[in-house]
Amino acid sequence: MISLQLASLAIPALLTVADARSVPASSTFTPIKWSNCTIPSPGFDCGTLEVPIDWDEPFGAKVQLGMLRQKALKPEKRIGSFFFNPGGPGDNATIYVEAATEVFGQDMADAFDIIGLDPRGVGLSSPIRCDPDIYNQRVPLWPSNQTELNAIINKNKALGESCYNMTGPLMKHLDSVSVAKDLEAIRQALGDEKLNYLGLSYGTLIGQTYAELFPQNIRSMTLDGNMDHSTDQISYLTVKTFTYEDTLYKFADWCSTSTSCPLNGTSADVLKVWDDLVAHANKTPIPAPSCKASGSCLEDVTGWEIQYNANSMLFIESGVFETWPKLGLALYEARYKRDASLLATSKATSPSSSAFEGTAISCLDWFHPQPNLVNLKNKYNLATSLFPHVGMGDVGENHCMGWPFPQVNPEHRANIHGTPRILQVNSQHDPSCSYVWANGLQEQISNSTLLTRKGNGHTSYFLFGESWEIINAYHVNLTVPADNTFVSS
Ligand SMILES: *[C@@H]1O[C@H](CO)[C@@H](O)[C@H](O)[C@H]1NC(C)=O
Ligand SMILES: *[C@@H]1O[C@H](CO)[C@@H](O)[C@H](O)[C@H]1NC(C)=O
Ligand SMILES: *[C@@H]1O[C@H](CO)[C@@H](O)[C@H](O)[C@H]1NC(C)=O
Ligand SMILES: *[C@@H]1O[C@H](CO)[C@@H](O)[C@H](O)[C@H]1NC(C)=O
Ligand SMILES: *[C@@H]1O[C@H](CO)[C@@H](O)[C@H](O)[C@H]1NC(C)=O
Ligand SMILES: *[C@@H]1O[C@H](CO)[C@@H](O)[C@H](O)[C@H]1NC(C)=O
Ligand SMILES: *[C@@H]1O[C@H](CO)[C@@H](O)[C@H](O)[C@H]1NC(C)=O
């Protein structure tokens, strides 16, 4: 979700608490194997646990999960283990634990063993492998005729088959239900503590799935930047493109008056630059010279690719990880220097690239659109008539047409009952996970509080503002903000 560039802290190894904990007699799991790891840096515990690839075949083939742990810095204040998932899908959690005290703050680091579990198929947990050459073939994002539709389907099918060849049956079991069961296995293998969990973005789907399956086993859970997995295809498309367009307007307002945006002028001017670039690049792709030099991205950029790739550049307005100034610069360079390098589509540069994980995971959790040209054009017409600037936006489901593995986690209402109070956090203008979804999900959880952040951007925790403090206070002290609370950071 966010790429972290924090210098990792040299954290002293704390070995005052015994590693071995009793595993409940009822558990079929062996204890987690911990070792002193030197990767990413000395001072952390690396843990592994084997679980079934297919939870419906508990005695079948196994997959190894890997996790990184920073133990509670003040063992006398220790509450339990705290799990973090950054979303993606496919982003690894371990990198955040490397900088745990900075990222989660002193109180959290004192009181919790902070565990970054890479979800199955990602990072330390048996990462999937696929053929980068197939991945790097360019096909249209949305087809205008049957030839283009066939090209999309064929590419997806070939890519999926290459992953199966190089990875095996794990490809069919990367969905959020499998990951939620993995979390439960780890919780049991650690002892009898209840789960403390913070999930961002796609991590909210993992969290809500866990809450649906194991409501009694939670102590605290925050869902930041919420997904609603109950919506049908048209609602999904509409909400996803709406929230992107809505945030693009906010960006244009900001850019028009900001000294950190080289496109300043009026918001109408900013949107016109955007529209002209998209239209122009769809006729003649705009060169990306830095990609040509580095080989790490496609050498030019189409209009649809601008619409798809710019979404993540709307994630953070300002602060340590800000992306809005970068989007302003990217659009400026594309428009005035004919250099669209900053908007280019990344390539996969090796079979172990993390580029494959998003598609591999989401196509198991979300519908595969019908490979039907009339139907796809109807959707295209819907999106472009309501949201003309972003069009089909970052809707990635076309990557699932022809994907050789069926959806295993169908959309459904999450009936979440019997949990302690769950904390949901969402900004009003989130380019990826709409405030609509946060409200929709809240109706599916019988005991939750929705904290609203006034403002823009995707997720709130890493702004290190009021939301961060409220979330940390909730996990440490179980204090929940009053209903209908608004914060501005
Ligand atoms: C980790 O290293 C410490 C100090 O070198 C040692 O005491 C401890 O037994 C090691 N733990 C494991 C699990 O290897
Ligand atoms: C986790 O992600 C970061 C940043 O994307 C990357 O540098 C690191 O190598 C990844 N770690 C693993 C274990 O894959
Ligand atoms: C399909 O559309 C593409 C892009 O507009 C065009 O280049 C191609 O000739 C079309 N193919 C057919 C068979 O119509
Ligand atoms: C996968 O392996 C099969 C059998 O070896 C082979 O026929 C097929 O071409 C491979 N597919 C891809 C996409 O690598
Ligand atoms: C507009 O952007 C330019 C270049 O970044 C900057 O020099 C100028 O001060 C900005 N103007 C306003 C009104 O922000
Ligand atoms: C919600 O959870 C809190 C504990 O976090 C509990 O005190 C309260 O009774 C629960 N409310 C409902 C309606 O279940
Ligand atoms: C938890 O409560 C204690 C006592 O009121 C307070 O000092 C501490 O700052 C709280 N922790 C967090 C993370 O807010």
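All ligand and atom numbering here is 1-based and tracks the order in the structure. Since the model is a prediction, treat every value here as computed from it, not as a measurement.
Here Tyr96 and Phe462 bring their ring centres to under 6.0 angstrom of each other. In this structure, the ring of Phe104 has its center less than 6.0 angstrom from the ring center of Phe82. Between Tyr197 and Tyr210, the gap from one ring centroid to the other reaches at least 6.0 Å.
Heavy atoms of other residues, nucleotides or ligands lying less than 6.0 angstrom from NZ of Lys272 number 12 at most. Residue-environment remark: CG (Asn381) exceeds the threshold of 12 foreign heavy atoms within 6.0 Å.
Judged by distance alone, the side chain of Trp468 and the main-chain N or O of Gly105 form no donor-acceptor pair under 3.5 Å.
For ligand 6, the atoms lying closer than 4.0 Å to a non-hydrogen atom of Asn447 are 1 (C), 2 (O), 3 (C), 8 (C), 10 (C), 11 (N), 12 (C), 14 (O). Heavy-atom proximity to Pro420, at under 4.0 Å, picks out these atoms of ligand 6: 2 (O), 5 (O). Of all atoms in ligand 7, listed by their number and element, those nearer than 4.0 Å to a heavy atom of Asn472 are 13 (C).
For the pair Asp107 and ligand 7, the shortest N or O to N or O distance falls below 3.5 Å.
For the residue pair Asp365 and Ser176, a side-chain donor N or O sits within less than 3.5 Å of a side-chain acceptor on the partner.
Trp437 pairs by the ring pair (Phe, Tyr, Trp, His ring centres under 6.0 Å) definition with Tyr236, not counting sequence neighbours.
Contacts of ligand 3 (protein heavy-atom distance under 4.0 Å) are Ser144, Asn145, Thr147, Glu148.
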